[in-house]
Q: 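Pasting a structure below so you can have a look.
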Protein chains: 2
Amino acid sequence: MVIRELSDVDTDRIFRALADATRRDIVARVTSREQSVSELASAYAMSFAAVQKHVAVLERAMLITKERRGRQQIVHGDPAMLRGAAQLLEAYEEIWRARSQRIEQILTEGNEKEEGHDRSERR
Amino acid sequence: MVIRELSDVDTDRIFRALADATRRDIVARVTSREQSVSELASAYAMSFAAVQKHVAVLERAMLITKERRGRQQIVHGDPAMLRGAAQLLEAYEEIWRARSQRIEQILTEGNEKEEGHDRSERR
DNA sequence: CTCTCGTATAACCATTTAGTTGTAGGTTAG
DNA sequence: CTAACCTACAACTAAATGGTTATACGAGAG
């Protein structure tokens, strides 16, 4: 559905677009209720142009779409693409999980090496 | 487990770390089989230092861990964190999906701004 | 001990990003 | 028509990114 093959470049764009709290917030907002660019802009402590750029980044990553309505541009989220992004990560996770099992198997046959170190760094 | 609250900064780091094909490949590789940094470096057409930096970015995003073994540093993926990242996107997608439904509901009850743009369900 | 290997880090460079202000164009309101 | 509004875009700046080469340092090998 809509997402078939995602190129590396597309994937880069999607992840990069999501790597900004303002943009994630924009996506959340417009998925909640479609809003014009200026409505969005008024919600953030930055210039209109900055918000407009963020919207452009999201649009380029295909995470939102714009629709011209009168003199304003209405922004709404693209659920299909969002789902696609989620699936993309799920797919990664699954591949990695499968490989982890193989590792485990290899370890249990040729082992002397302990695996369970606790990782929980945080700042 | 392991992933409870992910701050905005953490989320930024995770998405940004994944927004690079080389880094995604590194994560895939080390989840497949743990490898030293120099082993990894030999797999890419770039300098050792560049690869080492990519590894550092992934480590900072908590997507991989390093373990010193003799004079080499063994890199392996952190399945829990990867799963956490996947869940993060799933969570977004779910929120957005729920909100889409609300929109739909609102539209069907309080509408008068209906000008026939095709908003809504068909994903 | 000395040499080499694996890693880390520093200094540098080019490109991109995230923000700014300013300007221009199109659309609606009066 | 004119004024106000919404959007887009250009030009600029500061900071971050992704790469380079060179250097330093710890740990094993001989």
Side-chain angles (χ1 to χ4, degrees), chain A residues 8-27 29-30 33-76 113 121 123, chain B residues 7-27 29-30 33-76 112-113 115 117:
Chain A
D8 271 1
V9 175
D10 290 339
T11 307
D12 284 5
R13 271 204 270 263
I14 291 170
F15 282 128
R16 185 168 283 275
L18 291 173
D20 181 286
T22 301
R23 285 196 292 263
R24 288 194 298 274
D25 194 70
I26 288 175
V27 175
R29 271 174 193 273
V30 301
R33 182 174 67 83
E34 39 180 44
Q35 290 172 66
S36 69
V37 178
S38 51
E39 272 179 300
L40 280 174
S42 66
Y44 303 98
M46 64 183 77
S47 69
F48 173 88
V51 174
Q52 198 265 340
K53 276 195 189 177
H54 281 307
V55 169
V57 169
L58 289 167
E59 192 181 17
R60 193 131 183 277
M62 300 179 292
L63 289 166
I64 62 165
T65 54
K66 283 189 304 187
E67 172 205 358
R68 165 145 269 132
R69 191 179 301 170
R71 63 180 156 184
Q72 49 196 10
Q73 202 77 267
I74 304 298
V75 181
H76 33 82
K113 169 97 214 40
E121 208 47 78
R123 81 196 95 279
Chain B
S7 73
D8 270 2
V9 174
D10 290 338
T11 307
D12 285 4
R13 272 204 268 262
I14 290 170
F15 281 127
R16 183 167 279 278
L18 291 173
D20 181 285
T22 300
R23 285 195 294 261
R24 288 192 299 273
D25 194 70
I26 288 175
V27 175
R29 271 175 192 273
V30 301
R33 181 174 68 82
E34 40 180 44
Q35 290 171 67
S36 68
V37 177
S38 51
E39 272 179 300
L40 280 173
S42 67
Y44 302 99
M46 65 183 75
S47 68
F48 174 88
V51 174
Q52 200 266 341
K53 274 195 192 179
H54 280 306
V55 169
V57 169
L58 289 167
E59 191 181 18
R60 194 129 185 278
M62 297 178 293
L63 289 166
I64 63 165
T65 54
K66 283 189 303 188
E67 171 204 359
R68 166 144 269 133
R69 191 179 303 170
R71 62 178 156 185
Q72 49 195 9
Q73 203 73 273
I74 304 297
V75 181
H76 31 82
E112 78 282 61
K113 58 169 10 178
E115 53 202 41
H117 60 300

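All values derive from a computational prediction rather than experimental measurement. Each chain gets a letter, A, B and so on, in the order the sequences are listed, and its residues count up from 1.
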Q: Tell me which nucleotide among D:dG18, C:dT7, C:dA29 gets nearest to the side chain of B:R68.
A: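 Of the options given, the side chain of B:R68 lies nearest C:dT7.
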Q: Between atom OH in B:Y44 and atom P in D:dG18, what is the gap in whole Å?
A: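 Answer to the nearest Å: 15 Å.
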Q: Can you list the steps and then say if A:H54 with A:Y44 is a side chain to side chain contact (heavy atoms under 4.5 Å, CB included)?
A: CA-CA 11 Å; A:H54 281 307; A:Y44 303 98; over 6 Å; no
Q: What nucleic acid atoms does A:T22 come within less than 4.0 Å of, heavy atoms only: base, sugar-phosphate, or nothing?
A: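 Answer is nothing: A:T22 stays at 4.0 Å or more from every strand.
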Q: Taking CZ from A:F48 and P from C:dT23, how many angstroms apart are they, rounded to a whole number?
A: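 The answer, rounded to whole Å, is 17 Å.
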Q: Restricting to non-hydrogen atoms, name the atom on A:V51 and the atom on A:V37 that form the minimum distance, rounded to 0.1 Å.
A: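 Looking at all heavy atoms of both residues, the closest pair is CG1-O, 4.4 Å.
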Q: Can you check whether B:S47 has a side-chain N or O nearer than 4.0 Å to OP1 or OP2 of D:dG19?
A: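 No, no such contact exists.
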Q: For A:V57 and B:V37, take the nucleotide of DNA chain C holding the closest heavy atom to each; which residue's nucleotide lies nearer the 5' end?
A: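 Nearer the 5' end of the strand: B:V37.
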Q: Between B:H54 and D:dG19, is there a side-chain N or O to OP1/OP2 distance below 4.0 Å?
A: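 Checking D:dG19 against B:H54, a side-chain N or O does come within under 4.0 Å of OP1 or OP2.
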Q: Counting side-chain heavy atoms from C-beta on, which of C:dT27, D:dT20, C:dT7 comes nearest to B:M46?
A: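 Shortest atom-to-atom distance from the side chain points to D:dT20.
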Q: Using a heavy-atom cut-off of under 4.0 Å over every strand shown, decide if A:A56 touches base, sugar-phosphate, or nothing.
A: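 No contact at all - A:A56 keeps every heavy atom at 4.0 Å or more from the nucleic acid.
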Q: In this structure, how many angstroms lie between the P atom of C:dT4 and the CD atom of B:Q72, rounded?
A: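 Nearest whole value for this atom pair: 19 Å.
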Q: Could you tell me whether the side chain of B:V55 reaches within less than 4.5 Å of the side chain of B:Q73, counting heavy atoms only?
A: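 Side-chain contact under 4.5 Å: no.
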Q: Distance check needed: D:dA10 P versus A:K53 NZ, whole Å only.
A: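 The answer, rounded to whole Å, is 11 Å.
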Q: Distance check needed: D:dA16 P versus A:D20 CG, whole Å only.
A: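 Result: 14 Å.
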Q: If you apply the rule side chain to side chain contact (heavy atoms under 4.5 Å, CB included), what do you find for B:R24 with A:D8, and how did you get there?
A: CA-CA 10 Å; B:R24 288 192 299 273; A:D8 271 1; 3.8 Å; yes
Q: Check every atom of D:dA29, D:dG19, D:dA8 against the side chain of B:A50 and return the nucleotide holding the closest atom.
A: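 Closest nucleotide among those given: D:dG19.
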Q: On a heavy-atom basis, which atom in A:A19 and which in B:R16 lie closest, and how many Å separate them?
A: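 For A:A19 and B:R16, the tightest heavy-atom pair comes out as CB-N, 3.5 Å.
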Q: Looking only at heavy atoms, which two atoms of B:Q35 and B:L40 are closest? And how far apart?
A: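 Closest heavy-atom pair between B:Q35 and B:L40: OE1-CD2, 4.0 Å.
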Q: Counting only side-chain heavy atoms from C-beta out, which of C:dT7, C:dT17, C:dA29 sits nearest to B:S38?
A: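 Of the options given, the side chain of B:S38 lies nearest C:dT7.
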Q: Among the candidates C:dG19, D:dT7, C:dT7, find the nucleotide nearest to the side-chain atoms of B:S36.
A: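 The answer is C:dT7, which lies nearest to the side chain.
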Q: Between D:dG18, C:dA8, D:dG19, which one does the side chain of B:K66 approach most closely?
A: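 Closest of the options to the side chain of B:K66: C:dA8.
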Q: If you only use heavy atoms from C-beta on, which nucleotide in D:dT20, D:dC5, C:dT17 is closest to the side chain of B:A49?
A: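 Of the options given, the side chain of B:A49 lies nearest D:dT20.
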Q: Taking the minimum atom-to-atom distance to the side chain of A:R71, which one of D:dA4, C:dT20, D:dT20 wins?
A: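 Among the listed nucleotides, the one closest to the side chain of A:R71 is D:dA4.
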Q: Rounded to the nearest angstrom, tell me the gap between atom CG in A:D12 and atom C1' in D:dT17.
A: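 So the CG-C1' distance, A:D12 to D:dT17, works out to 13 Å.
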Q: Base, sugar-phosphate, or nothing: which does B:Q52 touch, judged by heavy atoms less than 4.0 Å apart?
A: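 Here B:Q52 touches the bases of the nucleic acid.
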Q: D:dT21, D:dG19, C:dT17: which one has an atom nearest the side-chain heavy atoms of B:R16?
A: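 Looking only at heavy atoms from C-beta outward on B:R16, the closest nucleotide is C:dT17.
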Q: From CD of B:Q73 over to P of D:dG28, roughly how many Å is that when rounded to an integer?
A: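 Value for this atom pair: 12 Å.
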Q: Between D:dC5 atom C1' and A:I74 atom CD1, what is the distance in whole Å?
A: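 Checked: the CD1 to C1' distance equals 14 Å.
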